Amino acid sequence: MSNKEQTSAAEDLIDNTEQGRFELYRGGDLVGWLYYTRLRPNRYALRHTEVEPSHQHQGVAGAMVRRVLDEVRSREGTITAICPFVADYLSRTTTYADLLDPRHPGYPDRATAEAAQAKAAGKN
């Protein structure tokens, strides 16, 4: 078994609907999560990605986003990219372009997402 297969085998993605987030576990430890809002009919607004400090710079966020996107695809859902990390991830690949909700795709890249978040924070 390759290292990639071993890592995948030790990873579990859980949809914690109570907290509105997908959680990534490695070796039983919670290492990251991605907050979402579930919208009708089957759209997920991906809002914010976090990684435990002890697991940062280990590819957790990228692996988690990939797993979440694969999960949404398996549910025949669509996404709206609000999180800057998710927007950046999607801007570097066309693999998940079919998941972007055509009416509400979200932000096209990290800079646009961060600018929108800064603007929204200034309104509070």
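As the structure is a computational prediction, the values presented were derived from the model and not from experiment.
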So how far is it from Arg47 CZ to Cys83 SG, rounded to the nearest 0.5 Å? 10.0 Å
Evaluate side chain to side chain contact (heavy atoms under 4.5 Å, CB included) for Tyr36 paired with Thr17, printing each intermediate quantity in order. CA-CA 9 Å; Tyr36 67 88; Thr17 56; 3.7 Å; yes
When rounded to the nearest 0.5 angstrom, what is the spacing between CG in Leu46 and OH in Tyr35? 14.0 Å
Can you tell me how far CD of Glu50 sits from CG of Leu24, rounded to the nearest 0.5 angstrom? 13.5 Å
Residues passing the side-chain contact (heavy atoms from CB on, under 4.5 Å) test with Asp88, sequence neighbours excluded, are Ser91, Arg92, Arg110
Contacts under 3.5 angstrom, residues 52-62 side chains, donor-acceptor by atom type, not counting sequence neighbours:
| unit_1 | atom_1 | unit_2 | atom_2 | d |
| --- | --- | --- | --- | --- |
| Gln56 | NE2 | Val51 | O | 3.4 |
| Gln58 | NE2 | Ser54 | O | 3.1 |

For the hydrophobic clusters of this structure (ILVMFWY residues joined by side-chain heavy atoms under 4.5 Å, transitively), does one cluster hold both Val86 and Leu100? yes
Exercise answer: donor-acceptor pairs, residues 68-82 side-chain atoms, under 3.5 Å, sequence neighbours excluded:
| unit_1 | atom_1 | unit_2 | atom_2 | d |
| --- | --- | --- | --- | --- |
| Asp70 | OD1 | Tyr96 | OH | 2.8 |
| Glu71 | OE2 | Arg75 | NE | 2.8 |
| Glu71 | OE2 | Arg75 | NH2 | 3.2 |
| Arg73 | NE | Asp98 | OD2 | 3.4 |
| Arg73 | NH2 | Thr95 | O | 2.8 |
| Arg73 | NH2 | Asp98 | OD1 | 2.5 |
| Arg73 | NH2 | Asp98 | OD2 | 3.3 |
| Ser74 | OG | Glu71 | O | 2.7 |
| Arg75 | NH1 | Asp15 | OD2 | 2.9 |
| Arg75 | NH1 | Tyr44 | OH | 2.9 |
| Arg75 | NH2 | Asp15 | OD2 | 3.0 |
| Thr78 | OG1 | Asp101 | OD2 | 3.1 |
| Thr80 | OG1 | Arg43 | NH1 | 2.9 |
| Thr80 | OG1 | His104 | O | 2.5 |

Nearest-0.5 Å distance that lies between atom CZ in Phe85 and atom NE2 in His48: 12.0 Å
Considering all heavy atoms of both residues, which atom of Met64 and which atom of Gly32 are nearest to each other, and what is their separation? SD-C, 3.4 Å
Interatomic distance, CG@Leu13 vs CZ@Arg66, rounded to 0.5 Å, equals 10.0 Å
Specify the closest pair of heavy atoms between Tyr107 and Ala116, including all atoms of both residues, with the distance to one decimal. OH-CB, 3.1 Å
Only counting residues at least two apart or in another chain, list the ones meeting salt bridge (charged side-chain N to carboxylate O under 4.0 Å, His left out) with Arg21. Glu23
If I compare all heavy atoms of Pro41 with all of Arg38, which pair ends up nearest, and what's the gap? O-NH2, 4.2 Å
Determine, using the 4.5 Å side-chain heavy-atom cutoff (strictly less than), whether Val31 and Ile14 are members of one ILVMFWY cluster. no
Can any side-chain N or O of Asp109 pair as donor or acceptor with the backbone N or O of Ala111 at less than 3.5 Å? yes
